[in-house]
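Working notes for the structure below.
Along the sequence shown, residues carry numbers from 1. Just so you know, ligand 1 is whichever comes first in the structure, and atom 1 is the first atom listed for that ligand.
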Amino acid sequence: MEEFQYKVALITGAGSGIGRETAKMFAKYGAQVVVSDQDETSGQGTVNMIRELGGKSTFIKCNVAVEAEVQELISKTVKEYGRLDCVFNNAGIEGKSQTINECTRESWDTTVSVDLTGVWLCMKYEIEVMQKFGGGKIVNCSSIAGIIGFENLSPYVASKHGIIGLTKTAALEFAKKGIRINAVCPGVIETPMLRRFTQGDVESMAKEVPMGRIGQPNEIAETVIWLCSDKSSYITGQAIIIDGGWTSK
Ligand code: NAD
């Protein structure tokens with residue numbers, strides 16, 4: 001895709017799983033990629049992979065739940081590359097597995113501050129910059145947990161539902177300003193998060209997927225890239241489900 005040549009793409013939570021794969025794919029399609037993560041070692045690992053493949057990439061450490069760090073991430077990106085065209089707000093945590101009444105205030109706040117507030121904070125500062133440069137594309141990472149309920153994951157499920165509401169609202173607010181804002185809703189995807197969640201027994205989840213298999217991170221990355229490309233030029237405010245049929249059950 002020639003259209004990503006000279007474009008700048010920022011991916012949060014890009015040190016692992018879906019974020020890493022998306023960062024690599026943006027680089028493959030010619031974008032200059034800002035890899036961000038709260039974990040410096042894994043984030044730098046993604047940058048090294050991109051550079052080995054001949055791509056251009058920089059690591060910027062950021063905890064998306066901390067406003068000052070998000071502000072600095074965006075200002076450093078613009079300082080280094082002079083613009084910001086595409087963003088994948090992907091950083092997220094699964095939180096503790098607990099029923100609503102077992103969930104403590106601390107554990108609620110920890111998950112919501114990363115998974116929901118983090119996406120809001122990122123959009124707040126990304127949109128400021130994109131407006132100055134005349135537009136941009138934002139993709140937020142929700143989940144099928146943003147469409148249906150999952151037992152024992154209330155802060156995660158509430159955050160992922162909230163991301164879809166935020167995405168629709170932001171899309172309306174900036175539709176006339178050249179900023180398209182969408183969300184992706186992955187099903188069960190083979191990443192370290194899924195391995196933690198299933199305690200290594202990923203295959204037991206595969207049985208529950210209508211397509212009979214776990215999804216791969218590149219299957220999410222392809223959709224993110226498409227949503228950031230001009231091929232999806234009339235799409236904004238949507239939550240695209242990529243789940244092998246799970247939510248059709
Ligand atoms: P992962 O755990 O492999 O990667 C998540 C990355 O986010 C890690 O590199 C981690 O260091 C980073 N991160 C965590 N908290 C952060 C913070 N506060 N600030 C910055 N970075 C932070 O997980 P994944 O499966 O690749 O998940 C990526 C996104 O996809 C998440 O938003 C997750 O909720 C969503 N998702 C995943 C699945 C799945 O089955 N894997 C399904 C639906 C949605």
Side-chain angles (χ1 to χ4, degrees), residues 10-25 34-47 49 59-74 87-95 97 109-122 139-148 150 153 155-164 166-167 183-206 208-209 213-221 223-224 239-244 246-247:
L10 162 66
I11 295 99
T12 68
S16 175
I18 294 169
R20 170 173 279 179
E21 196 59 32
T22 308
K24 284 164 60 188
M25 203 175 282
V34 176
V35 166
S36 183
D37 204 287
Q38 68 172 2
D39 185 299
E40 191 157 359
T41 310
S42 62
Q44 196 57 57
T46 303
V47 168
M49 286 174 187
F59 174 70
I60 303 177
K61 185 174 158 72
C62 172
N63 176 350
V64 296
V66 179
E67 182 162 4
E69 291 189 27
V70 173
Q71 231 176 328
E72 202 178 315
L73 166 65
I74 306 305
V87 171
F88 183 33
N89 293 318
N90 160 78
I93 53 173
E94 64 275 29
S97 185
D109 285 345
T110 301
T111 304
V112 173
S113 68
V114 177
D115 289 357
L116 182 58
T117 310
V119 171
W120 166 66
L121 282 174
C122 287
V139 179
N140 296 320
C141 195
S142 178
S143 165
I144 53 172
I147 306 289
I148 57 176
F150 280 86
L153 283 175
Y156 184 80
V157 170
S159 298
K160 294 300 184 181
H161 274 71
I163 288 174
I164 295 177
L166 263 182
T167 300
V184 287
C185 302
V188 283
I189 308 299
E190 194 166 1
T191 69
M193 181 187 280
L194 187 69
R195 286 193 280 278
R196 282 192 303 275
F197 186 67
T198 59
Q199 288 157 351
D201 186 15
V202 168
E203 280 315 306
S204 68
M205 295 288 271
E208 297 196 43
V209 183
R213 67 172 177 85
I214 299 296
Q216 294 302 312
N218 71 298
E219 296 180 290
I220 308 304
T223 308
V224 174
I240 312 286
I241 301 172
I242 311 146
D243 68 350
W246 186 296
T247 50

Mind checking whether [X] has an N or O less than 3.5 Å away from an N or O of ligand 1?
{"X": "D37", "result": "yes"}
{"X": "S42", "result": "no"}
{"X": "I144", "result": "no"}
{"X": "G19", "result": "no"}
{"X": "A65", "result": "no"}
{"X": "T191", "result": "yes"}
{"X": "S16", "result": "yes"}

Under 4.0 Å, heavy-atom basis, I'd like to know which part of [X] is in contact with ligand 1: side chain, backbone, both or neither.
{"X": "E94", "result": "neither"}
{"X": "R20", "result": "neither"}
{"X": "S36", "result": "neither"}
{"X": "Y156", "result": "side chain"}
{"X": "S142", "result": "backbone"}

Please identify which atoms of ligand 1 are closer than 4.0 Å to at least one heavy atom of [X].
{"X": "K160", "answer": "31 (C), 32 (O), 33 (C), 34 (O)"}
{"X": "I18", "answer": "26 (O), 30 (O), 37 (C)"}
{"X": "G187", "answer": "38 (C), 39 (C), 40 (O), 42 (C), 43 (C)"}
{"X": "V64", "answer": "17 (C), 18 (N), 19 (N), 20 (C)"}
{"X": "G15", "answer": "9 (O)"}
{"X": "P192", "answer": "3 (O)"}
{"X": "V188", "answer": "40 (O)"}
{"X": "R196", "answer": "2 (O)"}

Shortest non-hydrogen contact from [X] to [Y]?
{"X": "I164", "Y": "G146", "answer": "CD1-O, 3.4 Å"}
{"X": "Y156", "Y": "I93", "answer": "CD1-O, 3.2 Å"}
{"X": "A91", "Y": "T12", "answer": "N-OG1, 3.0 Å"}

Heavy-atom side-chain contact between [X] and [Y] under 4.5 Å:
{"X": "V184", "Y": "I18", "answer": "no"}
{"X": "I189", "Y": "E219", "answer": "no"}
{"X": "L10", "Y": "C122", "answer": "no"}
{"X": "V47", "Y": "Q44", "answer": "yes"}
{"X": "M205", "Y": "I214", "answer": "yes"}

Any idea which protein heavy atom is nearest [atom], and the distance to it?
{"atom": "atom 31 (C) of ligand 1", "value": "N90 O, 3.3 Å"}
{"atom": "atom 23 (O) of ligand 1", "value": "M193 CB, 3.3 Å"}
{"atom": "atom 5 (C) of ligand 1", "value": "G92 O, 4.0 Å"}
{"atom": "atom 7 (O) of ligand 1", "value": "G13 CA, 3.4 Å"}
{"atom": "atom 18 (N) of ligand 1", "value": "N63 OD1, 2.8 Å"}
{"atom": "atom 16 (C) of ligand 1", "value": "Q38 CD, 3.6 Å"}
{"atom": "atom 40 (O) of ligand 1", "value": "I189 N, 2.8 Å"}
{"atom": "atom 20 (C) of ligand 1", "value": "C62 O, 3.1 Å"}

Distance-only, no hydrogens or angles: does the [X] side chain make a donor-acceptor pair with backbone N or O of [Y] under 3.5 Å?
{"X": "D243", "Y": "P186", "value": "no"}
{"X": "S113", "Y": "A65", "value": "no"}
{"X": "N63", "Y": "Q38", "value": "no"}
{"X": "S143", "Y": "K160", "value": "no"}
{"X": "S36", "Y": "I60", "value": "yes"}
{"X": "R20", "Y": "G15", "value": "yes"}

Return the set of residues passing side chain to side chain contact (heavy atoms under 4.5 Å, CB included) with V112 (not counting sequence neighbours), or none when no residue passes.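 Partners of V112 under the side chain to side chain contact (heavy atoms under 4.5 Å, CB included) test: W108, L116, T117, P155, S159.
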
Stepwise, does the side-chain contact (heavy atoms from CB on, under 4.5 Å) test hold for D37 with F59? CA-CA 8 Å; D37 204 287; F59 174 70; 4.0 Å; yes

Any non-hydrogen atom of G118 lying under 4.0 Å from ligand 1?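 G118: no contact with ligand 1 (<4.0 Å).
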
Return the set of residues passing side-chain hydrogen bond (donor to acceptor under 3.5 Å, both in side chains) with Q71 (not counting sequence neighbours), or none when no residue passes.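 Q71 satisfies side-chain hydrogen bond (donor to acceptor under 3.5 Å, both in side chains) with no residue once adjacent residues are dropped.
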
